[in-house]
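All remarks here apply to the structure that follows.
Order of the sequence lines sets the chain letters (A, B, ...), proteins ahead of strands, with each chain counted from 1.
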Amino acid sequence: MDQAIERTEMGTRAADAGDTPLLRLDDVCKTFRRTPVLDGVTLDIARGDRIALVGSNGAGKTSLIRCLLGEYTCEGTVTVDGLAPRRHRRRVLERIGFVPQLPPPLGMPVAELVRFATGVSGGDGARVAEVASRLGLDLAAVRRQSFVKLSGGQKQKLLIAIALGRDCDILVMDEPAANLDPQARHIFFALLAEVQDRATMLISSHRLDEVALLVNRVVELDRGQVVLDDHVEDAVELAGTLRCRVRAVRADDAFARALGQWGFTGSGAGLIWDGVVAGPDRLRFLAMLSRYAGLLAGLSLEDDGPKGGPAR
Amino acid sequence: MGSLWLTARLDMAESIRTRWFAVYAFVFGGVVVLLLASGLTDSRVMGFAGLTRLLIVYIQICMAVLPVFVLITTVRSVAGDREAGVFEYLLSLPVPLAAWYWGKMLGRFLVVFAPVFLAMAAAAAWAAARGHEVPWEAFAVSTALLICLAWCFLGIGMAISAVARSPDVATGAAFVVWLVLLLFVDLILLGLMIREHLPPELVVGLALANPLQVFRTASMVLFDPQLMMMGPAAFVILDAFGRTGILIYGLLYPVAVGSLCAALGFAAFRRGDLP
């Protein structure tokens, strides 16, 4: 791409429409020990945008998110609905639900974390518990448990529940579904579908295929610069599912285990497997299947329409 | 106020589960049990008897243990959380930075002071139950002096923690601060300076500037101001200030130092990158 910035009209779309962008980064620079991690990033994000923020490790994704959250000081201008996140910290962060890539190593009980998070953001513990329950995490059962001792998936579910269990109109998520099993991923996509009409989303990932079907716009960072800002076909229902049948040339234990993790059930002596795949998860599912390409005799994927329930 | 108290609770919940707190509580509880078990309340040494003698010994032990314990554990507070990646998440929540910083300090203060006070209170209750006379005035003033000492070193610890970029640097700096203050306690460097005929104003000024020395002088004055126990600089201060003056200074000065350091730490914390 020889560092040329490939832009569509997305970045200026909001301004052209006479609408102030919800999030605006203007010539944002951030340097650590003379090494620039953000180098003149300019980005306008309109209401309703669902953005995949992609790039390799060290591209500047996390730094950009931290500038947006007001956690980093930086050169240039960052505004959220016209407000500087650092100066108007509370008003800005009340509107942002954040899910980090790495859960914080907190030793406190789960109940204490939920009490703090809902207390400072004016949220409701019952709503957090409800979202957690939908994701498959029983908060009542783990409330006395130390957060750090939860499994990776449980931590991720709790952080997602805290972010989605309150009324925020901006979701910033760093690899949010990385630790979730396929069933929980499907519920997560359904939860995103429920808020997509009122929430602007910024989903960070180092792999586009992980998040491509969740978003309507892709921003790629490389060495602190925006190198791609493009529209994505927005035809996939976030809550949609695909009925899937996989036929194998022979039975294989590893293959059966992999499909079992996706909730598939086998028949015909392990040669036929049926299941449901969440719509936005199809690339991930195909990537899993590609590891067993030699075993595949046939594959069918059929649109099952939007569903709120878990994939089976 | 809500965010401040929520943060304080959060820090307490986090601290109470740590190993340092278990050791810390064990040290102070253990010291009192040891003093009681060794029959200190029944002995009479240098005119002190009953709980008064226990209080004197306990306060001297607190002076040795409390500052270094508070410093070493507190300096890891901000710097440690930053390095562990706790800030990235918790400071993405809409908690004001002032509420976060001062709430952490308040929570830490309660966690630090509770074992010290509970140990003292347990000793007083035990002495009262055994029919010993409890010196309530000395008990109350000692408690106030310990509160001020704890606040002072908590403030210094928070300042170091906010400025240092890593827990290791913060721990090293805290240890140096503690060592310097310890060196300038009356019986060590100040005694030497007097012997070397340095101007008394300088010696007394240094003694008055050192919160450890101020605490030591005030706690000694509380019981029995004698040159042999107090040291030369403290005796000069007593001569100039009087008993009440020293006690008031001993209460106010450490609080002022702690608050000033904590405020400087907050300014540094608020100005820089958070995670």
Distance-only donor-acceptor screen, chain B against chain A, under 3.5 angstrom:
unit_1 : atom_1 : unit_2 : atom_2 : d
B:R9   : NE     : A:E112 : OE2    : 3.4
B:R9   : NH2    : A:E112 : OE1    : 3.3
B:E14  : OE1    : A:G107 : N      : 3.1
B:E14  : OE1    : A:M108 : N      : 2.8
B:E14  : OE2    : A:G107 : N      : 2.9
B:R17  : NH2    : A:R144 : O      : 3.2
B:L91  : O      : A:R89  : NH1    : 3.3
B:L91  : O      : A:R89  : NH2    : 2.9
B:S92  : N      : A:E71  : OE2    : 3.4
B:L93  : O      : A:R89  : NH2    : 3.4
B:V95  : O      : A:R89  : NE     : 2.7
B:V95  : O      : A:R89  : NH2    : 3.1
B:R270 : O      : A:R86  : NH2    : 2.7
B:G272 : O      : A:R86  : NH1    : 3.4
B:G272 : O      : A:R86  : NH2    : 2.4
B:D273 : OD1    : A:K30  : NZ     : 3.0
B:D273 : OD1    : A:T73  : N      : 2.8
B:D273 : OD1    : A:T73  : OG1    : 3.0
B:D273 : OD2    : A:K30  : NZ     : 2.8
B:L274 : N      : A:E71  : O      : 2.8

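Between B:V86 and A:P105, the shortest heavy-atom distance links the atoms CG2-CD, 3.9 Å. Contact detail for A:V120 and B:L6: the closest heavy-atom pair is N-CD1, 3.8 Å.
The contact between A:I162 and chain B is made entirely by side chain atoms (from C-beta outward), counting heavy-atom distances below 4.5 Å. Both the backbone and the side chain of A:P109 come within less than 4.5 Å of a heavy atom in chain B. Contacts between B:I16 and chain A at a heavy-atom distance below 4.5 Å are absent for every atom of the residue.
Chain B forms the most heavy-atom pairs under 4.5 Å with one residue out of A:P100, A:A117, A:G122, A:P103, and that residue is A:P100.
With values rounded to the nearest 0.5 angstrom, B:L91 atom CG is found 10.0 Å from A:L69 atom CG.
Residue B:F26 places its CZ atom among 12 or fewer non-hydrogen atoms of other residues, nucleotides or ligands, all under 6.0 Å distant.
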